[in-house]
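Numbered from 1 within each chain, the chains take letters A, B, ... in sequence-line order.
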Amino acid sequence: MAEAPVAARSDPAPVLAAAGREAKPSAADLLAWYDRHRRDLPWRARPGETAEPYRVWLSEIMLQQTTIAAVRPYFAAFLDRFPTVEALASASSEAVMSAWAGLGYYSRARNLHACARAVVAQHGGRFPDTEEGLRALPGIGPYTAAAIAAIAFGRPAAAVDGNVERVVSRLHRVEGDFAQALMDLGATICTPKRPACALCPWLGPCRARQAGLQENYPVKAPKREGLLRRGAAFVAVKPDGAILLRTRPPKGLLGGMAEVPTSEWRGDYDSAKAVLDAPFEARWRRAPGVVRHVFTHFPLELAVLVGRAAADAPAPEGMRWTSRAGLADEPLPNLMKKVLALALGEALPERPKAARRRG
DNA sequence: CATGCGTGGGA
DNA sequence: TTCCCAAGCAT
């Protein structure tokens with residue numbers, strides 16, 4: 001990676017360099033490209049303006065493993081509901097989880113809330129302006145710490161691991177826009193499939209392109225496909241429409257999110273015997289079909305059983321009755337929205353989802 | 001250090 | 001339809 005410190009080299013110069021192209025990637029080329037092609041995103045400062053750390057942080061957390069298109073409406077909704085880090089810190093856990101519902105990877109939401117509280121309680125409401133300080137906060141790892149330090153505080157940090165950052169920053173005396181320029185390059189030109197190499201400011205020095213193997217990189221580790229699990233979900237309805245819900249354990253799958261009671265999810269679950277797992281005795285009726293859902297590491301099929309409860313039926317231990325109107329404020333993951341939609345024969349009121357826009 | 005952890009959209 | 005993801009983090 002690093003340039004050889006001595007001039008004497010036995011390797012012949014690459015053919016492409018002889019054709020007049022750059023032999024190595026220059027930060028100037030990348031930044032010139034960025035000046036012309038930078039994307040205008042809600043959490044980004046306009047040229048010349050200073051990025052707001054709260055917005056940068058919020059967007060970076062949301063964008064972890066998540067597309068810009070998915071993040072846009074959630075980012076807008078969060079800013080509207082929690083305009084400042086203080087507002088977010090003082091919000092209830094339920095409000096935060098509910099606002100995050102549908103975005104996935106819910107540990108991010110728990111850490112987001114914990115981070116906001118730490119910033120307020122330990123840093124006077126100001127985000128630390130160094131990678132090290134940021135890295136110490138919940139939900140902020142090496143990548144995100146570097147990204148925030150560079151974007152919000154102008155630190156010469158490349159949003160990669162520390163070793164690469166050190167090499168690159170020394171090699172090019174990197175400052176300012178480099179992090180965002182790299183992100184835009186990766187998002188719009190250097191895409192996983194069919195990269196637009198002809199438009200790339202680093203076309204010349206790209207080794208993969210020179211070999212014609214750009215689509216073979218990066219090499220990805222094969223991941224094993226998860227085995228199908230099955231289970232049953234129980235939608236209990238009172239005469240006034242209230243639904244029986246409970247909250248999942250704070251950690252693990254869908255941690256802290258709301259759900260209707262379900263059986264265990266197992267590969268050999270027999271939904272014909274599902275009624276044995278019901279939260280209370282009733283005439284449970286099987287809704288037609290199943291709910292299919294794919295998690296990160298396994299697919300799931302849930303049978304849905306619907307039962308009526310008396311108006312004065314108490315909620316079983318650890319559960320609660322939620323009015324139909326109150327469902328909108330529950331942190332229901334998409335899986336549970338599918339279950340309720342099937343059980344109630346209607347779609348739940350959609351969370352405000354902005355019109356599709358391209359990232 | 002390998003694994004667990006969601007979702008919607010594009011190809 | 002089916003496949004493959006997308007600005008990682010915590011443990």
Could you go through residues 299-316 of chain A and list every donor-acceptor pair under 3.5 Å that involves a side-chain atom there, pairing it with any protein atom two or more places apart or in another chain?
{"unit_1": "A:E301", "atom_1": "OE1", "unit_2": "A:R230", "atom_2": "NH1", "d": "3.0"}
{"unit_1": "A:E301", "atom_1": "OE2", "unit_2": "A:R292", "atom_2": "NE", "d": "3.3"}

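Among the atoms of the strands shown, only primed sugar atoms or phosphate atoms (P, OP1, OP2) are found under 4.0 Å from some heavy atom of A:K251. Backbone-only engagement by A:L254 is indicated by non-hydrogen atom pairs under 4.0 Å involving sugar-phosphate atoms exclusively.
A:R229 places its CZ atom 8 Å from the P atom of B:dC5, with the value rounded to the nearest Å. If you measure from atom OH of A:Y106 to atom P of C:dC9, you get 19 Å, rounded to the nearest angstrom. At whole-Å resolution of the value, CG in A:L253 and P in B:dG6 are 5 Å apart. Atom CD of A:E215 is separated from atom C1' of C:dC5 by 14 Å (rounded to the nearest Å). Remark: P of C:dA6 and CZ of A:R72 are 18 Å apart, rounded to the nearest angstrom. Straight-line distance from the CZ atom of A:R108 to the P atom of C:dA7: 13 Å, rounded to whole Å. Between the CH2 atom of A:W265 and the P atom of B:dC5 there is a distance of 10 Å, given to the nearest Å. Separating the CZ atom of A:R44 from the P atom of C:dA7 is a distance of 13 Å, rounded to the nearest angstrom.
Listed by residue number, the members of residues 288-302 of chain A with any heavy atom below 4.0 angstrom from DNA chain B are A:H293, A:V294, A:F295, A:T296, A:H297.
Map A:R194 and A:S107 each onto its nearest nucleotide of DNA chain B; the residue landing nearer the 5' end is A:S107. Remark on DNA chain C: of its neighbouring residues A:L137 and A:P192, the 5'-side contact belongs to A:P192, judged by nearest-heavy-atom nucleotide. With the nearest nucleotide of DNA chain C identified for both A:G141 and A:T67, A:T67 has the one nearer the 5' end.
Environment of OH in A:Y217: sparse, with no more than 12 heavy atoms of neighbouring residues, nucleotides or ligands closer than 6.0 Å. Annotation: A:E264, atom CD; neighbour count of heavy atoms from other residues, nucleotides and ligands within 6.0 Å does not exceed 12.
Residues that satisfy the side chain to side chain contact (heavy atoms under 4.5 Å, CB included) test with A:P128, not counting sequence neighbours, are A:H123, A:L134, A:L137. Taking A:A196 as the reference, A:I189, A:L199 meet the side chain to side chain contact (heavy atoms under 4.5 Å, CB included) condition, with sequence neighbours excluded. With sequence neighbours left out, the ring-ring contact (aromatic ring centres under 6.0 Å, His included) criterion links A:Y54 to A:W57. Annotation: side chain to side chain contact (heavy atoms under 4.5 Å, CB included) contacts of A:Q122 (sequence neighbours excluded): A:A118.
Set against C:dA7, C:dA6, B:dG6, the side chain of A:Y143 has C:dA7 as its closest nucleotide. In this structure, the nucleotide among C:dT11, B:dG6, C:dA7 sitting nearest to the side chain of A:Y105 is B:dG6. Which of B:dG6, C:dA7, C:dG8 sits closest to the side chain of A:W43 comes down to C:dA7. Looking at the side chain of A:P142, the nearest of the listed nucleotides C:dA10, B:dC5, C:dC9 is C:dC9. Checked against B:dC5, B:dT7, C:dT11, the side chain of A:P333 finds its nearest nucleotide in B:dT7. Minimum atom distance to the side chain of A:E60 is reached by C:dA7, of the listed C:dC9, C:dT11, C:dA7.
Taking atom C1' on both C:dG8 and B:dG10, the two are 22 Å apart, rounded to the nearest angstrom. For the P atoms, the distance linking C:dA7 with B:dT3 amounts to 22 Å, nearest Å. Taking atom P in both B:dG9 and C:dC9, one finds a spacing of 25 Å when rounded to whole Å.
Judged by atom type and distance alone, A:T66 reaches the base of B:dG6 through a side-chain donor-acceptor pair under 3.5 Å.
Aromatic ring centres of A:H293 and A:F295 lie closer together than 6.0 Å.
One finds a salt bridge joining A:E259 and A:R246 here, because a Lys/Arg side-chain nitrogen approaches an Asp/Glu carboxylate oxygen to under 4.0 Å.
At least one side-chain nitrogen or oxygen of A:Q65 sits closer than 4.0 Å to the OP1 or OP2 atom of C:dG8. Regarding contacts with the backbone of C:dC9, a side-chain N or O of A:T144 is found under 4.0 angstrom from either OP1 or OP2.
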